[in-house]
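The structure under discussion appears below in the form of structure tokens.
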Amino acid sequence: MSKYTIAWLPGDGIGKDVMDAARVVLDKINLDASYVHGDIGWEFWCKEGDALPQRTIDLLRSVNAAMFGAITSKPVRAAEAELVPELKGKGLVYRSPIVRMRQMFDLYICHRPCKAYPGNPLNLKDGIDLVIFRENTEDLYAGVEFFPVPKELSETLLKLSKPFTAFRDLQGDQFAISCKVNTKRGSERIARAAFEFAKKNNRRKVTIVHKANVVRATDGLFLDEARHVAREYPGIQFDEANVDAICMWLLKNPFSYDVLVAPNLYGDIISDLAAQMVGGLGFGCSGNIGHRLAVFEPSHGSAPKYAGQNKVNPIATILAAKMMLDWLGETEKGKQVERATAAVIKEGKIRTYDMGGSHTTRDIAEAIAAHL
Ligand code: NAI
Ligand code: MG
């Protein structure tokens with residue numbers, strides 16, 4: 001029996017291409033693991049009305065960790081599901097399986113390192129080394145949404161929230177409500193994860209990202225909790241930034257930032273921005289981490305226009321595999337994968353289209369494997 005069982009969830013679009021590439025690297029490094037395929041994604045929603053079938057949930061309950069490629073999400077409401085013959089009459093609404101997976105397994109940390117590897121022609125500036133901690137289970141992604149809006153909800157809101165009356169005379173199908181829900185527990189534990197990471201990895205500073213001046217209740221709570229946690233780490237500097245301002249400051253002064261911690265939506269946005277600063281989505285890796293399970297993935301989506309072409313950059317997924325090795329405690333193997341990836345980037349001989357080359361997804365994986 002292998003030491004580890006890893007759920008292997010390629011998903012849709014380029015998910016399969018980049019996961020095949022990561023597997024070339026994991027096989028070369030001889031991780032003592034068995035990989036068990038799991039169904040996830042758009043195809044299963046269309047066929048079965050469930051993008052995250054129960055059999056995949058059961059699989060995730062039984063493994064040490066998971067690797068995930070990408071899924072295609074479309075904003076499908078019940079009315080659109082009626083157009084799919086198999087789903088007609090079932091009143092189904094599409095919910096992103098990755099968001100469900102994060103909530104179901106309480107994968108509350110989304111850890112996204114963004115490092116400019118030397119020699120990458122796409123780096124905004126060499127030396128950028130940011131780490132984002134995104135809260136992963138609540139905020140605007142909580143899934144508390146209403147469309148059409150039930151009358152009892154709009155009446156209650158009008159009673160409780162006097163200043164905002166834009167929907168006073170509207171029918172429930174003329175507006176929609178998505179609730180931003182942030183808890184003390186959720187805010188405290190993501191802030192703690194960021195500060196603990198900073199402490200263990202000798203990082204100098206943590207920046208709390210928010211918009212508490214406008215979104216006072218939820219972001220105010222997030223900021224208060226993060227400040228409380230910050231006081232427990234006197235050796236680490238901390239500062240605070242509005243989410244809009246930091247999009248400008250990150251580009252202007254990237255070396256002023258180190259570790260950033262943010263609620264779910266802002267964390268999602270700034271991590272794409274930070275990924276672009278170090279080469280684009282082909283370099284943004286991500287770990288969804290809970291107490292028992294962790295799911296590693298590239299930050300990018302399924303890029304349908306490149307699906308099955310063996311063309312996109314697999315480095316984000318290979319770096320996600322490196323994060324998985326670290327999480328499993330295989331840190332020496334993790335270091336080897338990162339060194340080999342950095343070497344291929346630096347040599348610059350094998351490059352996919354995004355880096356100005358014409359090599360394939362598999363060529364990159366084989367070049368990295370050759371350094372192992
Ligand atoms: P995307 O991340 O799939 O792609 C946007 C663009 O980034 C691509 O067209 C391509 O130019 C570039 N890109 C992405 N990955 C790349 C790679 N590995 N190498 C080189 N270039 C790469 O985002 P988009 O187009 O907004 O979404 C496509 C689908 O993916 C949607 O259905 C969306 O809902 C879904 N999605 C899924 C995510 C996930 O599975 N975790 C995350 C983000 C989006
Ligand atoms: Mg995203």
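None of these values were measured; they are calculated from a predicted model. Atoms within each ligand, like the ligands themselves, are counted from 1 in listed order.
In this structure, atom 3 (O) of ligand 1 is in close contact with the protein, since a protein heavy atom lies within 4.0 Å of it. Inside a 4.0 Å radius of atom 7 (O) of ligand 1 there is at least one protein heavy atom. Within a 4.0 Å radius of atom 24 (P) of ligand 1, the protein contributes no non-hydrogen atoms.
The shortest N or O to N or O distance between Thr72 and ligand 1 is not under 3.5 Å.
Under a 4.0 Å N-O distance rule, the pair Arg185/Glu225 does not qualify as a salt bridge.
Heavy-atom neighbours of Lys184 NZ from other residues, nucleotides or ligands within 6.0 Å: at or below the threshold of 12. Other residues, nucleotides and ligands contribute at most 12 non-hydrogen atoms within 6.0 Å of the NZ atom of Lys16. A 6.0 Å sphere centred on CD of Glu347 holds more than 12 heavy atoms belonging to other residues, nucleotides or ligands.
Among Asp12, Val312, Ile364, the residue whose heavy atom sits closest to atom 17 (C) of ligand 1 is Val312. When Ala303, Pro314, Gly11, Ser73 are checked for heavy-atom proximity to atom 34 (O) of ligand 1, Ser73 turns out nearest. The residue from Leu281, Leu9, Asp17 that puts a heavy atom closest to atom 5 (C) of ligand 1 is Leu281.
Phe296 and Phe68 have their aromatic ring centers separated by at least 6.0 angstrom.
Scanning the protein heavy atoms around atom 15 (N) of ligand 1, the nearest turns out to be His300 CG, 3.2 Å. The protein non-hydrogen atom at the shortest distance from atom 18 (N) of ligand 1 is Asn313 O, 2.9 Å. Gly301 CA, 3.5 Å is the protein heavy atom nearest to atom 44 (C) of ligand 1. Of the protein's heavy atoms, Glu297 OE1, 3.2 Å lies nearest to atom 41 (N) of ligand 1. The protein atom (non-hydrogen) at minimum distance from atom 40 (O) of ligand 1 is Ile71 N, 2.9 Å.
Counting the atoms of ligand 1 from 1 in the order shown, those under 4.0 Å from a heavy atom of Ser302 are 3 (O), 29 (C), 30 (O). Ligand 1 places these atoms under 4.0 Å from at least one heavy atom of Lys305: 9 (O).
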Under the salt bridge (charged side-chain N to carboxylate O under 4.0 Å, His left out) rule, what do Asp50 and Arg100 come out as? Steps first, then yes or no, please. CA-CA 11 Å; Asp50 195 349; Arg100 270 176 68 205; 2.8 Å; yes
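Under a 4.0 angstrom heavy-atom cut-off, Tyr353 registers as being in contact with ligand 1. Distances shorter than 4.0 angstrom occur between a heavy atom of Pro304 and an atom of ligand 1. In this structure, Ala316 does not count as a contact residue of ligand 1, since none of its heavy atoms falls inside 4.0 Å of the ligand. Distances shorter than 4.0 angstrom occur between a heavy atom of Ile14 and an atom of ligand 1.
Residue Asp268 approaches the Mg ion (ligand 2) most closely through its N/O/S atom OD1.
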